[in-house]
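Quick caveat, the model's predicted, so the values are computed rather than measured. We number each residue from 1, following the sequence as shown.
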Amino acid sequence: MNPLSFFRKSAPSAPFAGDDAARMKLYRKLRFQSFIAGTVGYSLYYVCRTSLNVVKKPILESGALDATQLGIIGSALLFAYAIGKFVNGFLSDHSNIKRFMAAGLCVSAVANLLVGVLGFAGGAGLAGNMTLFVAFAVMWGVNGWAQSMGAPPAIIALSRWYPLSKRGTYYGFFSASHNLGEFLSFLFVGAVVGIFGWQWGFVGSSVAGVLGVAVIVFLLHDTPESKGLPPIEVLTGEESPGQSHDHGSTSDLQRSVIRNPFVWVLALSSAFMYVSRYAVNGWGVLFLQEVKGYSLALATQVISVNALLGIVGTVFSGWLSDTLFHGRRNVLAFGFGVLNTVALCLFLYSGDGILVNMLSMVLFGMAIGVLICFLGGLMAIDIVPREATGAAGIVGMASYIGAGLQDIVSGWLINEGKTVVDGVARYDFEAAALFWIAASALSFILALCVSKRSHI
C-alpha cells in the first residue's frame, strides 16, 4: 500500500440513511468517542514524552551521563518536536487523523523501549559514555518527531466534530490530557524507577504507549463526512473563524495563518510560558533533590501535584472563558500568567517545607493548565480558519523551540554551578532560576496583545 494514500484524509461516505433524531444520536456518539480517544490517547503520548524527567537523578548518580548531556538529550526531543509540530500540523489538516495519531504513538513507544535497552547496555559495560550519549540523543530526537504527531490530530478532531460554541469547553477538557499524562508519568514511571531502576522507566513508558495506540485505533474517527454525516457547520448552522474565506484551498488558508502577525505574537508568548513549564517538569525533581534534600519518591510526588492540579485549570478554563468572559481569553491568560510567575518564585525561594512546596505546585499547576489551554492552542484556534487548524502548529513549534532552548541553557547553567565535595557532586540552581522567572514574566505581557478578534 502507498504510505501517502494510507494517511490520506478519508473520503466521504454515503449519506446516513436514518432520520434527523438517529443522525444526531450517531453524531453525538462518534464525537464523544473521538473526544475520549484524543484526550486519553494524548495523555499516554505524554507518558512516553516525559519519562526522562523522572530519571535524571538516577542517571547522574550512575555516572552514565552528566547534566549538560541530559540537557542536550532533552532538547533533542524538544527541537525535533518543535519542527514536527509545524510540519505535522500542516500535514494533519490533509490526513486521516486516526491513522496519523496512532502511527506517531507507535513510534514513540518503540523509541522509549530502545532507550531502555540502551540503558541496560550501558549498565552492562557494553556502551561507553559517548556512545550512550549519542545513541540516546538520536533516539530521543526520533521520539520528539513522533510526539509531534499527537496534538495536531487530536485538536483537529475537536474542530471537525465540535461547533465553535462548544469548542472552548471541550478543548479545556482535552487540554487536561497534558496534565493527566504528566501526573501518570511522575507517579507510574517514578514508581517503576524506584523499584526496578531507571532503565525500566522507559520500558514502562513504552507499555503505556501501546495502550494509547489501542484507544486511538478503536475510538477516534476522522471526519463526520466519512461517517455519512454533514460537516459540522451544516449540522449545527454555526460558522467557524475565517469561514467567509473558506472558498480558498486549504493551502491558501494555511498561508494566511503564516501571514497573521498575531499568530506569531501568540507563538512567542507560548514559547516563554513553555520555558517555565518545562523548567519545573524537566528539572523540578532534580531541584528538590539537590537544593531541598528531598528523596526521589517525595520529589516526584510534589512535582506530580502540579500536573494533577493542572487538570482543574484546563477543565474549567475553556468553559470559564466561553461563558463568563465571552471568549476574551487574553485577559484570563494575563491573570493566570501573573499567578504562574508568583507560584514559580514561591517554589524556588520558599525553603524546604513540604506544605509550602505543595502549595506552590498547586498554584503553578492550575496556572500552567490554563495557559497551556489558551496560549498553547485555543487562542490560536480562535483566530485561524477551521480548514487550517493544523497550521496553528506554528504556536506549537515556537513553544517547543523555547522549551528546547530552556533545556540546553538550564543544563549548562546547572552544570556550571556544579561543585564536588568529598567526592559528592552538588548542583547550584540560582542562575537557572532567574532565567525561568524572566521567561514567565515575558509570557504574560505578550499574551495580553492577542484577542479573539486578532484574525486577518
Inset, instruction - Could you go through the side chain to side chain contact (heavy atoms under 4.5 Å, CB included) check for Gln147 and Val107 one step at a time? - result: CA-CA 9 Å; Gln147 285 285 323; Val107 173; over 6 Å; no
Legend entry - Working for side chain to side chain contact (heavy atoms under 4.5 Å, CB included), residues Val87 and Met397: CA-CA 9 Å; Val87 175; Met397 177 185 69; over 6 Å; no
Inset, instruction - Show your working on side chain to side chain contact (heavy atoms under 4.5 Å, CB included) between Thr300 and Leu296 and close with a plain yes or no. - result: CA-CA 6 Å; Thr300 53; Leu296 172 62; 3.8 Å; yes
Legend entry - Ile303/Leu288 under side chain to side chain contact (heavy atoms under 4.5 Å, CB included): CA gap, chis, key distance, verdict: CA-CA 9 Å; Ile303 298 299; Leu288 289 175; 3.9 Å; yes
Legend entry - Residue pair Tyr400, Tyr278: steps toward the ring-ring contact (aromatic ring centres under 6.0 Å, His included) verdict: CA-CA 9 Å; Tyr400 283 92; Tyr278 272 82; 5.6 Å; yes
Which donor-acceptor pairs under 3.5 Å do the side chains of residues 131-141 make with protein atoms, sequence neighbours left out?
none

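Between the Ser148 side chain and the Trp145 main chain, a donor and an acceptor come within less than 3.5 Å of each other. Looking at Asn96, its side chain does come within 3.5 Å of a backbone N or O of Arg99 through a donor-acceptor pair. A donor-acceptor distance shorter than 3.5 angstrom exists from the side chain of Tyr294 to the backbone of Asp352, with no hydrogens or angles considered. Between the side chain of Thr50 and the backbone N or O of Tyr46 there is at least one donor-acceptor pair closer than 3.5 Å. Put simply, the side chain of Asn357 gets close to the backbone of Gly351: a donor and an acceptor are under 3.5 Å apart. Put simply, the side chain of Thr39 gets close to the backbone of Phe35: a donor and an acceptor are under 3.5 Å apart. Put simply, the side chain of Ser75 never gets that close to the backbone of Leu78: no donor and acceptor are under 3.5 Å apart. Between the side chain of Ser62 and the backbone N or O of Ala64 there is at least one donor-acceptor pair closer than 3.5 Å. Not a single donor-acceptor pair under 3.5 Å links the side chain of Tyr45 to the backbone N or O of Gly212. Distance alone, capped at 3.5 Å, is enough to place a donor-acceptor pair between the Ser410 side chain and the Gln406 backbone.
Residues Leu344 and Val280 are in side-chain contact: their nearest non-hydrogen atoms beyond the backbone lie under 4.5 Å apart. Looking only at side-chain heavy atoms (C-beta outward), Ser185 and Asn53 stay at 4.5 Å or farther from each other. Side-chain contact between Val192 and Phe202: absent, with no pair of heavy atoms (C-beta onward) separated by less than 4.5 Å. The side-chain heavy atoms of Gln289 and Leu298, taken from C-beta on, include no pair separated by under 4.5 Å. Looking at heavy atoms from C-beta onward, Phe287 lies in side-chain contact with Phe347 at the 4.5 angstrom threshold. When side chains are defined from C-beta on, Met101 counts as touching Tyr42, because their heavy atoms get closer than 4.5 Å. Two residues are said to be in side-chain contact when any heavy atoms from C-beta on lie closer than 4.5 Å; Ile372 and Tyr274 meet this criterion. Side-chain contact between Val395 and Ser399 is present, with at least one heavy-atom pair separated by less than 4.5 Å.
Relative to the six-membered ring of Phe218, Lys98 misses at least one condition, a distance below 6.0 Å or an angle of at most 45° to the axis.
For the atom pair CD1 of Ile59 and CD of Gln69, the computed distance is 10.5 Å after rounding to the nearest 0.5 Å. Interatomic distance, CD1 of Ile216 versus CD1 of Ile36, reported as 13.0 Å (0.5 Å rounding). The line from CZ of Phe272 to OG of Ser443 is 8.5 Å long, rounded to the nearest 0.5 Å. Atom OG in Ser276 sits 10.5 Å away from atom CH2 in Trp436 (nearest 0.5 Å). Atom-to-atom distance recorded for Leu363:CG and Met358:CE is 12.0 Å, nearest 0.5 angstrom. The CD1 atom of Ile437 sits 10.5 Å away from atom CG of Asn340, with the distance rounded to the nearest 0.5 Å.
Pairing each heavy atom of Leu60 with each of Ala67, the nearest pair is CD2-N, 3.4 Å. Nearest heavy atom pair, residue Leu105 against residue Leu44, reads CD1-O, 4.2 Å. Pairing each heavy atom of Gly402 with each of Val275, the nearest pair is O-CG2, 3.5 Å. Of all non-hydrogen atoms in Leu187 and Ser304, the two that sit nearest each other are CD2-OG, 3.8 Å. The two residues Ala103 and Met149 make their nearest non-hydrogen contact at CB-CE, 4.3 Å. When every heavy atom of Asn112 is checked against every heavy atom of Cys48, the shortest pair comes out as ND2-O, 2.9 Å.
Side-chain contact annotation: Trp283 with Asp407, donor-acceptor N/O pair under 3.5 Å present. Between Thr68 and Asn415, the side chains place a donor N or O and an acceptor N or O closer than 3.5 Å (distance only, hydrogens not considered).
Screening residues 59-75 for salt bridge (Lys or Arg N to Asp or Glu O under 4.0 Å) gives Lys57-Glu61 as the qualifying pairs, with residues at least two apart or on separate chains.
Shown here are the ring pair (Phe, Tyr, Trp, His ring centres under 6.0 Å) partners of Phe364, two or more places apart in sequence or in another chain: there are none.
Taking 4.0 Å as the cut-off between side-chain N and carboxylate O, Arg160 and Asp222 count as a salt-bridged pair.
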